[in-house]
Amino acid sequence: TVICSAHVKFTNYPCTHVHFIWPSTHPLMQHCLTLTLARHSRLILRNQLRCVHKSAAMSGLLINHPEYSWLRELGLSEDNPGVYNGSWGGSGEVVTSRCPANNEPIARVTQATLAEYEETVQKTKEAWKMWADVPAPKRGEIVRQIGDALRKKNKVLGSLVSLEMGKIYVEGVGEVQEYIDVCDYAVGLSRMIGGPILPSERPGHALLEQWNPVGLVGIITAFNFPVAVYGWNNAIALTCGNVCLWKGAPTTPLTSVAVTKIVAEVLELNNLPGAICSMTCGGADIGTAMAKDERVDLLSFTGSTHVGQMVAMMVQERFGRKLLELGGNNAIIVFEDADLNLVVPASVFASVGTAGQRCTTTRRLMLHESVHDTVVERIAKAYKQVRIGDPWDPSTMYGPLHTKQAIEQYLAAIEQAKQQGGTVVCGGKVIDRPGNYVEPTIITGLAHDAKIVHTETFVPILYVLKFKTEEEAFDWNNEVKQGLSSSIFTKDLGRIFRWLGPKGSDCGIVNVNIPTSGAEIGGAFGGEKHTGQYMRRSTCTINYSKDLPLAQGIKFE
């Protein structure tokens with residue numbers, strides 16, 4: 001018996017040296033060698049295939065394609081941590097973000113577990129103790145730096161919004177600009193927070209109002225504005241002395257990560273706890289935890305009316321504070337004296353912008369009977385000229401829906417509208433191309449109180465209604481359960497003030513000769529009916545005398 005050593009090079013396999021304790025000419029040894037080499041060959045092939053599959057999976061991510069290399073300028077990679085509380089982490093479910101324009105995978109994000117949520121809340125509450133002591137103007141300076149940091153990444157971050165959400169490039173950049181503008185607004189607010197000094201009925205007493213932060217503001221945002229809505233909340237809340245915990249939409253996690261990286265860098269450069277602006281990517285479990293958590297002093301939720309109702313009930317069960325921005329079933333009313341050169345572009349933009357996925361999208365177009373046919377003809381013609389394409393192409397006016405589920409909702413709504421007496425005069429079909437594209441759609445002939453007309457479907461479907469009188473139009477505007485935005489087109493001054501008055505629009509946003517979509521940051525944005533504040537007010541009484549008179553003339557001796 002001899003020991004024979006066979007040195008074999010196995011590519012991509014760690015074993016390169018095999019020992020055989022048999023005579024070199026022994027048949028059994030040769031058979032063993034053959035089996036061993038075959039086994040190693042199978043292992044080599046399996047390992048190589050695994051490497052090939054892994055390589056293919058990595059190359060299949062858009063972030064690894066040269067034309068999307070700009071994503072790395074935002075600090076993104078193939079796999080991204082979805083938790084930030086001063087340090088980055090995440091060990092929950094891994095989600096793959098997809099581009100709505102082609103349904104290709106962009107990159108992956110690891111979401112938070114409930115244990116990581118708990119750790120994040122603790123760190124965020126601890127950070128508040130420090131942040132609340134920072135003078136308001138100093139807090140404003142941090143917000144100013146956040147705005148400047150966003151300015152440097154405005155276009156690249158806007159490109160990510162376009163890629164991940166699906167809105168056209170100019171809207172994506174415009175959304176980031178809103179966050180920047182709100183930062184500027186909040187900086188001014190940081191030197192203006194105050195309260196009145198009131199006359200006291202007691203001699204030697206001062207009566208004044210003092211505003212203090214509520215503490216931890218939880219922010220749950222929707223997919224359609226993955227940057228701006230967080231910005232509205234974050235900039236104002238920070239200036240007021242609150243800390244923030246953000247859960248973005250599960251379908252736009254890369255945007256949440258990219259924005260948080262920008263904000264975190266500002267905090268770290270100023271030697272501030274990163275947990276001041278925490279983030280936990282996640283699904284319904286994280287959202288439910290935030291709604292039920294008594295440590296969340298105010299919960300700001302933006303999303304559907306259905307989910308908002310559940311959130312409101314959970315927050316109310318603990319008598320918590322909530323700020324809700326929910327659905328909209330917005331109407332434009334066009335009177336016989338309206339300037340149709342304004343009506344047509346306003347109606348088209350407000351109904352097809354963001355592919356009908358704005359809470360302020362126009363969903364009902366009410367036309368006076370004298371102009372009904374003319375306006376429908378002109379708008380239908382304009383719809384056919386809308387440039388449909390890749391959202392990051394500067395020439396594109398109309399991009400895809402965000403998800404495949406939205407396509408199903410689109411088709412279901414059209415079928416219901418037909419069953420309820422509607423006629424499709426434009427659009428109504430899924431576009432045969434990669435991605436979640438549907439035709440912007442106009443439907444006429446429905447009753448003003450048809451069930452589908454009273455239902456907010458987050459897709460580009462416009463219901464056109466015919467009315468006769470002003471009173472009728474105003475009533476139809478107000479009869480839906482949603483009350484976010486509304487608009488009339490008219491030159492009648494009296495009608496304008498009736499529209500603004502107690503018997504006019506019951507919405508939170510009331511417009512004249514402009515569309516329903518869009519709002520300036522200087523005015524309050526919110527709705528009524530099925531559609532807050534970031535600070536708590538304290539009434540402070542200071543006795544600087546040597547006596548103790550009681551209010552209401554009470555004697556307690």
Side-chain angles (χ1 to χ4, degrees), residues 98-101 103 162 164-168 171 222-226 249 251-252 302-308 326-332 347-365 379-380 382-384 386-389 391 396-420 422-446 450-465 480-482 484-485 515-518 530-531:
R98 292 185 176 273
C99 171
N103 285 318
S162 181
E164 187 176 39
M165 184 272 151
K167 63 177 56 177
I168 61 175
E171 286 190 280
F223 73 86
N224 60 331
F225 281 87
T251 53
T252 55
T302 302
S304 69
T305 301
H306 172 68
V307 177
L326 308 176
N329 195 346
N330 316 294
I332 288 179
S347 300
V348 173
F349 170 74
S351 55
V352 307
T354 325
Q357 298 169 113
R358 287 174 176 248
C359 52
T360 54
T361 291
T362 297
R363 309 201 183 279
R364 298 177 296 152
L365 178 61
I379 291 180
Y383 263 46
K384 294 174 182 178
V386 172
R387 293 189 299 275
I388 301 172
T396 298
M397 296 174 57
Y398 174 92
L401 293 176
H402 185 55
T403 62
K404 291 183 178 180
Q405 290 75 17
I407 295 178
E408 297 173 2
Q409 296 169 3
Y410 167 86
L411 293 173
I414 291 174
E415 186 59 32
Q416 291 178 47
K418 290 178 180 178
Q419 293 174 0
Q420 295 170 29
T423 300
V424 176
V425 299
C426 182
K429 299 182 181 67
V430 176
I431 299 175
D432 185 16
R433 59 172 292 166
N436 308 321
Y437 287 87
V438 299
E439 295 176 343
T441 302
I442 300 172
I443 297 178
T444 62
L446 287 163
K451 185 176 180 180
I452 191 64
V453 173
H454 282 224
T455 302
E456 181 199 26
T457 307
F458 224 56
V459 294
I461 300 177
L462 179 66
Y463 303 113
V464 179
L465 311 174
V480 297
K481 292 182 178 180
Q482 303 86 355
L484 180 55
S485 187
T516 58
S517 59
H530 282 204
T531 303

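What you see is a predicted model; the values in this text were computed from it and never measured.
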field: Atom pair SG (Cys426) and CG (Leu462), whose distance is rounded to the nearest 0.5 Å
entry: 10.0 Å
message: Within the structure provided, determine whether Leu401 and Pro460 are in side-chain contact (heavy-atom separation under 4.5 Å).
response: yes
message: Using only atom types and a distance under 3.5 Å, with no angle test, would you say the side chain of Glu456 pairs donor to acceptor with the backbone of Asn329?
response: no
query: Got a second to check how far Thr361's OG1 is from Phe349's CZ, nearest 0.5 Å?
result: 9.0 Å
- request: Apply side-chain hydrogen bond (donor to acceptor under 3.5 Å, both in side chains) to Tyr410 and list each qualifying residue two or more places apart in sequence or on a separate chain.
  value: Thr441
task: Give a yes or no on whether the backbone of Val459 and the side-chain of Arg363 come within a donor-acceptor separation of less than 3.5 Å.
output: yes
message: Please give me the minimum heavy-atom distance between Ala450 and Leu446, naming the atom from each residue.
response: CB-CD2, 4.3 Å
query: Do Ile379 and Val348 have side chains that get closer than 4.5 Å, going by heavy atoms?
result: yes
- request: Take Arg387 and Thr396, measure what side-chain contact (heavy atoms from CB on, under 4.5 Å) needs, and give me the verdict at the end.
  value: CA-CA 5 Å; Arg387 293 189 299 275; Thr396 298; 5.7 Å; no
query: Going from OG1 on Thr251 to CE on Met165, what distance comes out if it is rounded to the nearest 0.5 angstrom?
result: 8.5 Å
statement: CZ (Arg433) and CD1 (Ile388) are apart, to the nearest 0.5 Å, by 8.0 Å
Gln420 side chain to Lys451 backbone, donor-acceptor under 3.5 Å: yes
- prompt: Which heavy-atom pair separates Ile168 from Ser162 by the least distance, and what is that distance?
  reply: C-OG, 3.9 Å
Shortest non-hydrogen separation from Tyr398 to Ala355 and the atoms involved: CE1-CA, 3.8 Å
- request: Looking only at non-hydrogen atoms, find the nearest pair between Leu484 and Asn330 and report the distance.
  value: CB-OD1, 3.7 Å
message: Glu171: which residues meet the salt bridge (charged side-chain N to carboxylate O under 4.0 Å, His left out) condition with it, sequence neighbours left out?
response: Arg358
- request: May I ask you to decide if Thr360's main-chain N or O and Ser517's side chain share a donor-acceptor pair within less than 3.5 Å?
  value: no
message: Within the 4.5 Å heavy-atom criterion, are Ser304 and Phe458 side-chain neighbours or not?
response: no
For Cys359 against Leu326, the heavy-atom pair lying closest together: CB-O, 4.0 Å
- prompt: Does a side-chain heavy-atom distance below 4.5 Å link Gln416 with Thr455?
  reply: no
pair Ile431-Pro400: side-chain heavy atoms closer than 4.5 Å: no
task: Look at the rings of His402 and Phe223 and say which category their plane angle falls in: under 30° parallel, 30 to 60° tilted, over 60° perpendicular.
output: parallel
- request: May I have the step-by-step check of side-chain contact (heavy atoms from CB on, under 4.5 Å) for Ile443 and Ile461, ending in yes or no?
  value: CA-CA 7 Å; Ile443 297 178; Ile461 300 177; 3.9 Å; yes
message: Do Gln357 and Phe225 make a side-chain contact, defined as non-hydrogen atoms from C-beta onward lying under 4.5 Å apart?
response: no
- request: Please confirm whether the backbone N or O of Asn224 pairs with a side-chain atom of Lys167, one donor and one acceptor, at under 3.5 Å?
  value: yes
message: Contact between Val480 and His454 at the side-chain level, heavy atoms closer than 4.5 Å - yes or no?
response: yes
query: Do any N or O atoms from the side chain of Tyr437 and from the backbone of Pro100 form a donor-acceptor pair under 3.5 angstrom?
result: no
statement: Closest non-hydrogen atoms of Pro440 and Val352, given as atom of the first, atom of the second and distance, are CB-CG1, 3.7 Å
